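Treat the numbers as computed from the prediction; the structure is a model and nothing was measured.
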Amino acid sequence: MEMDDNTFQRHLRVTKAQFVFFTQKIQEKGMNDMHPCGGPDNIPMQKKKVMFFWYLANQNSFRELSDKFDVSQGAAHNVIVEVLDLTCLLASSFITWPTDCEKRTNTAVFSRVCGIDGIVGAIDGCHIKIQRPPIRGGDYLNRKSFYSILLQGIVDDQGKFIDIFTGPPGRVHDSRMLRASPFFENWRQSMGPYKLLGDTAYISHTYLFIISPKRDNGALTVQDQQLNAWISRGRVVVEQAFGRLKCKWRRLRDLQNSHVDIMVKIIVASCALHNMCIGLAEGACNEHPHGCPRQEDDNN
């Protein structure tokens, strides 16, 4: 913590106030200095959290992490797993489906942005680049010719994740991922009379709760083209959310872990922290004040 605010945020991707808030939340889940971290290392809680944020914010190996923080590689690995598990326990408190009042607020904002009423969020999927897993590795090779795990995100008008589903291998289509998600099992109860904005991956009579654009087959009417433009304008928020997620938590640009379960936890934790930062009134990205660019990671 012996850094000025700008240096702290540049390296760890959170402000000191956000770091303190995270500390309070994680202490509620039982993390303290007495938690074992493996071997002879006795690592204070404060240092564990700094190591964890550094790990998510950068792409250093465990060897580089151990050198930087003067701990063994085994201890560095154990610290990351320990804090990762606790952060995932917090995910359900950071990623929440909107209340009726919040839905009304969302619909008002989306209506102003894109002119479509009754919209509470936007849905999309993206690829998280990984190394080929040792088991059924071929399933993770996507149509863009790299290995990936998929993340399905539904965001509100602020770009906060209100529902996520991750873990399917990269070769799976967004439509199939949606049908496999827990959200799809209970969409009637969750959505009620409201709808989401989606891209052409969700063109199906199965998805009555998603407004998606019509495919341009050369015969679109002026009204169809206008509706497509409105949907595109409203969907920008989910594109920006994925861009911001990977800009802040750069570990997600290329996960080098070999265990799929750990990679899924990293994705979930990153989404939770993304929401935490937005909930604490985080401003625009310092590097991209007009929105973080999204990588070529869509699943269309």
Side-chain angles (χ1 to χ4, degrees), residues 97-98 100-127 142-145 148 150-165 168 170-181 183-246 288 290-300:
W97 192 252
D100 289 342
C101 180
E102 290 168 336
K103 287 177 181 177
R104 289 191 291 270
T105 300
N106 290 351
T107 58
V109 174
F110 276 107
S111 181
R112 288 197 301 270
V113 170
C114 66
I116 304 176
D117 295 330
I119 303 299
V120 294
I123 183 172
D124 200 4
C126 84
H127 293 284
N142 60 49
R143 67 177 186 85
K144 300 190 176 188
S145 300
S148 65
L150 288 171
L151 166 63
Q152 173 182 283
I154 303 175
V155 304
D156 65 9
D157 62 282
Q158 300 179 70
K160 287 178 63 176
F161 291 104
I162 56 178
D163 187 86
I164 63 169
F165 175 57
R171 68 185 297 179
V172 173
H173 189 267
D174 277 352
S175 178
R176 181 181 170 190
M177 175 166 59
L178 173 57
R179 291 195 302 271
S181 68
F183 172 79
F184 186 70
E185 296 179 8
N186 303 300
W187 72 263
R188 288 179 176 82
Q189 179 180 351
S190 299
M191 295 300 300
Y194 300 103
K195 295 186 183 296
L196 303 174
L197 296 177
D199 60 19
T200 54
Y202 305 103
I203 295 178
S204 171
H205 295 298
T206 305
Y207 309 131
L208 301 176
F209 56 95
I210 299 178
I211 298 178
S212 56
K214 292 186 176 181
R215 289 193 175 92
D216 189 353
N217 56 7
L220 292 181
T221 65
V222 173
Q223 290 80 7
D224 290 337
Q225 294 174 8
Q226 182 63 68
L227 179 59
N228 283 1
W230 288 342
I231 294 171
S232 178
R233 191 181 306 160
R235 284 191 63 258
V236 166
V237 67
V238 70
E239 302 278 353
Q240 292 176 338
F242 285 136
R244 188 168 187 167
L245 181 72
K246 290 187 178 182
H288 308 102
H290 301 295
C292 303
R294 184 175 179 182
Q295 299 178 330
E296 292 296 321
D297 60 4
D298 61 276
N299 192 30
N300 295 333

Cut-off 3.5 Å, no hydrogens considered: what does the side-chain donor-acceptor table look like for residues 100-110, sequence neighbours left out?
from: Glu102; atom 1: OE1; to: Thr99; atom 2: N; distance (Å): 2.8
from: Glu102; atom 1: OE1; to: Thr99; atom 2: OG1; distance (Å): 3.4
from: Lys103; atom 1: NZ; to: Ser190; atom 2: O; distance (Å): 2.8
from: Thr105; atom 1: OG1; to: Cys101; atom 2: O; distance (Å): 3.2
from: Asn106; atom 1: ND2; to: Val120; atom 2: O; distance (Å): 3.3
from: Thr107; atom 1: OG1; to: Lys103; atom 2: O; distance (Å): 3.3
from: Thr107; atom 1: OG1; to: Arg104; atom 2: O; distance (Å): 2.8

Scan the side chains in residues 201-210 for donor-acceptor partners under 3.5 Å anywhere in the protein, sequence neighbours excluded, and list what turns up.
from: Ser204; atom 1: OG; to: Thr206; atom 2: N; distance (Å): 3.0
from: Ser204; atom 1: OG; to: Thr206; atom 2: OG1; distance (Å): 3.1
from: Tyr207; atom 1: OH; to: Ser175; atom 2: O; distance (Å): 2.8
from: Tyr207; atom 1: OH; to: Ser175; atom 2: OG; distance (Å): 2.5
from: Tyr207; atom 1: OH; to: Arg179; atom 2: NH1; distance (Å): 3.1

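Across all their heavy atoms, Ala180 and Phe165 have their closest contact at O-CZ, 3.8 Å. Ala122 and Gly234 get closest at one heavy-atom pair: CB-O, 4.5 Å. Considering all non-hydrogen atoms of both residues, Phe183 and Asp163 come closest at CB-OD2, 3.6 Å. The two atoms that bring Leu197 and Arg235 nearest to each other are CB-CG, 3.8 Å, heavy atoms only. A pairwise comparison of heavy atoms in Ser111 and Asp117 identifies OG-OD1, 2.8 Å as the closest pair. Of all heavy-atom pairs between Val237 and Gly159, the closest is CG2-N, 3.5 Å.
Annotation: salt bridge (Lys or Arg N to Asp or Glu O under 4.0 Å) contacts involving residues 206-218, sequence neighbours excluded, comprise Lys214-Asp224.
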Review point. Hey, mind stepping through Met177 and Leu150 against side-chain contact (heavy atoms from CB on, under 4.5 Å) and telling me if it holds?
Key: CA-CA 8 Å; Met177 175 166 59; Leu150 288 171; 3.5 Å; yes
Practice item. Using the side-chain contact (heavy atoms from CB on, under 4.5 Å) rule, take Ile164 and Ile154 through it: C-alpha gap first, then chi angles, then the decisive distance, then the call. Key: CA-CA 6 Å; Ile164 63 169; Ile154 303 175; over 6 Å; no
Practice item. Apply side-chain contact (heavy atoms from CB on, under 4.5 Å) to the pair Ile211 and Ile231, showing each step before the final yes or no. Key: CA-CA 8 Å; Ile211 298 178; Ile231 294 171; 3.6 Å; yes
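With sequence neighbours excluded, the residues satisfying side chain to side chain contact (heavy atoms under 4.5 Å, CB included) with Gln226 are Ala229, Trp230. Scored by the salt bridge (Lys or Arg N to Asp or Glu O under 4.0 Å) test, Lys246 finds Asp297 as partners (sequence neighbours excluded).
Inter-residue side-chain proximity for Ile116 and Leu227 is flagged as met; some heavy-atom pair is nearer than 4.5 Å. With a 4.5 Å cut-off on side-chain heavy atoms, Thr200 and Pro213 count as touching.
Put simply, CD on Gln152 and CZ on Phe161 are 11.0 Å apart, with the number rounded to the nearest 0.5 Å. For the atom pair CD1 (Ile119) and CG (Asp156), the distance works out to 13.5 Å, reported to the nearest 0.5 Å. If you take CD1 on Ile123 and CD1 on Ile162, they are separated by 9.5 Å, rounding to the nearest 0.5 Å. Here Asp124 contributes atom CG and Leu196 contributes atom CG; the two are 11.5 Å apart, rounded to the nearest 0.5 Å.
Of the possible polar contacts, none joining the Asn186 side chain to the Gln189 backbone as a donor-acceptor pair under 3.5 Å is found.
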